[in-house]
Amino acid sequence: MRQLIIPTVLAFFSATSVASAEFPPDVAELQKDWANAYYVIPENEREDAFEALNARSAEVVNRHPERAEALVWRAIILATDASISGGLSALGKVREARALLESAHAIDPGTMNGAIPASLGSLYANVPGWPLSYGDEDKAEQHLQEALALNPDSIDAHFFYGELLAEQGRTAQAGAQYRAAINAPERPGRGIADQGRREEARAALEALEGH
């Protein structure tokens, strides 16, 4: 199975310039704890950490079914959990993640400055294609371009787009996207996530350039 990667989502993903103070407190806690679980804790502890976050995010959605941010963060956590745990259970998690993002889009398509199309783009780029799942590089590119149209400074959308372009052998364009991710402005309250994403972008750019 192709490796599953997110959000980013993201992370996500891509709450880009949205201050966590605008979220319900328990949603803001998910955002903070996702960054800690993904970028800070030891790798051998991540699976347990995301299993716990998965359970918490379901409870948060039950408390805030009308808040697009809650649905987006549960989608990001599910997708990240899928990429870490792998196996057939990952397919169910990424299906649920897409459904949550589509529900969030119906509530508020512009929430979190392009987080929904950026997360969908990452999903379509990284899940397996038919018949296993819904992966589709054309749809991935459409969503990532939509995310960058909504938020040209999105560090996550630039990074995910760079990954997609590199996978397709579009090296010069991929390098430009990685550089844009590295130089993206800081997001309020997202220091850990921004630092981690920049390190990923630098490593990807170095690999692309053969260093």
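For this chain, numbers begin at 1 and follow the sequence in order. Bear in mind the structure is a predicted one, so any value in this text is a computation, not a measurement.
Once rounded to the nearest 0.5 Å, the distance linking CE of Met112 with CG of Asp156 reads 9.5 Å. Distance check: Ser122 OG to Leu164 CG gives 9.5 Å after rounding to the nearest 0.5 Å. Rounding to the nearest 0.5 Å places CZ of Arg95 at 12.0 Å from CG of Leu78. Separation of atoms CG (Asn126) and CD (Glu163) is listed at 6.0 Å; rounding is to 0.5 Å. Atoms CD and CG, from Glu141 and Asp136 in turn, are 11.0 Å apart once rounded to the nearest 0.5 Å.
A donor-acceptor pair under 3.5 Å links the side-chain atoms of Ser57 to the main chain of Asn54, judged by distance alone. The backbone N or O of Ala184 lies less than 3.5 Å from a partner atom in the side chain of Arg198, making a donor-acceptor pair.
The pair Glu199-Arg202 fails the salt-bridge criterion, with no side-chain N (NZ, NE, NH1 or NH2) lying under 4.0 Å from an Asp/Glu carboxylate O.
No continuous path of hydrophobic side-chain contacts links Leu30 to Val61 [ILVMFWY only; heavy atoms under 4.5 Å]. Ile107 and Leu100 end up in the same hydrophobic cluster when Ile, Leu, Val, Met, Phe, Trp and Tyr side chains are linked at under 4.5 Å. By the criterion of side-chain heavy atoms lying less than 4.5 angstrom apart, applied directly or through intervening Ile, Leu, Val, Met, Phe, Trp or Tyr residues, Trp73 is grouped together with Tyr39 in one hydrophobic cluster. Hydrophobic clustering (side-chain heavy atoms under 4.5 Å, transitive across Ile, Leu, Val, Met, Phe, Trp, Tyr) groups Leu53 together with Val27. Residue Leu123 is not grouped with residue Leu71 when hydrophobic side chains (ILVMFWY) are merged at heavy-atom distances under 4.5 angstrom, including chains of intermediate members.
Applying the salt bridge (Lys or Arg N to Asp or Glu O under 4.0 Å) definition to pairs two or more places apart or across chains, those involving residues 70-85 are Arg74-Glu96, Asp81-Lys93. The side-chain hydrogen bond (donor to acceptor under 3.5 Å, both in side chains) analysis of residues 98-107, with sequence neighbours excluded, yields the pairs Arg98-Tyr124. Within the structure, every pair that satisfies the salt bridge (Lys or Arg N to Asp or Glu O under 4.0 Å) test and touches residues 50-66, not counting sequence neighbours, is listed here: Asp26-Arg63, Asp33-Arg56.
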Taking only distance into account, with no hydrogens and no angle test, what donor-acceptor pairs under 3.5 Å do side-chain atoms of residues 43-50 form with protein atoms, sequence neighbours excluded?
residue	atom	partner	partner atom	Å
Arg46	NE	Tyr38	O	3.4
Arg46	NH2	Tyr38	O	3.4

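Residues Gln145 and Tyr161 approach most closely at NE2-OH, 2.9 Å, considering heavy atoms. Annotation for Ser133 and Leu91: closest pair CB-CD2, 4.0 Å, computed over non-hydrogen atoms. Residues Ala115 and Val72 approach most closely at CB-CG1, 4.2 Å, considering heavy atoms. For Ala166 against Leu208, the heavy-atom pair with the smallest separation is CB-CD1, 3.9 Å. For Ile192 against Ala35, the heavy-atom pair with the smallest separation is CG2-O, 3.8 Å. Of all heavy-atom pairs spanning Ala125 and Ala140, the tightest one is N-CB, 3.5 Å.
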Yes or no on side chain to side chain contact (heavy atoms under 4.5 Å, CB included) for Ile182 and Leu205, after CA distance, side-chain angles and deciding distance? CA-CA 10 Å; Ile182 292 166; Leu205 182 60; 4.0 Å; yes
Using the side chain to side chain contact (heavy atoms under 4.5 Å, CB included) rule, take Leu148 and Asp153 through it: C-alpha gap first, then chi angles, then the decisive distance, then the call. CA-CA 7 Å; Leu148 288 169; Asp153 292 329; over 6 Å; no
Stepwise side chain to side chain contact (heavy atoms under 4.5 Å, CB included) check, Glu69 with Gln31: CA-CA 10 Å; Glu69 304 97 323; Gln31 175 176 277; over 6 Å; no
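Side-chain contact check for Thr80 and Trp34: at least one donor-acceptor pair (N or O, by modelled atom type) lies under 3.5 Å. For the 3.5 Å distance criterion, the side chains of Tyr178 and Glu206 fail to qualify, holding no donor opposite an acceptor.
In this structure, the side-chain hydrogen bond (donor to acceptor under 3.5 Å, both in side chains) partners of His158, at least two apart in sequence or on a different chain, are Gln177. Shown here are the side-chain hydrogen bond (donor to acceptor under 3.5 Å, both in side chains) partners of Lys139, two or more places apart in sequence or in another chain: there are none.
Contact check for Asn113 versus Ser154: no side-chain heavy atoms found under the 4.5 Å cut-off.
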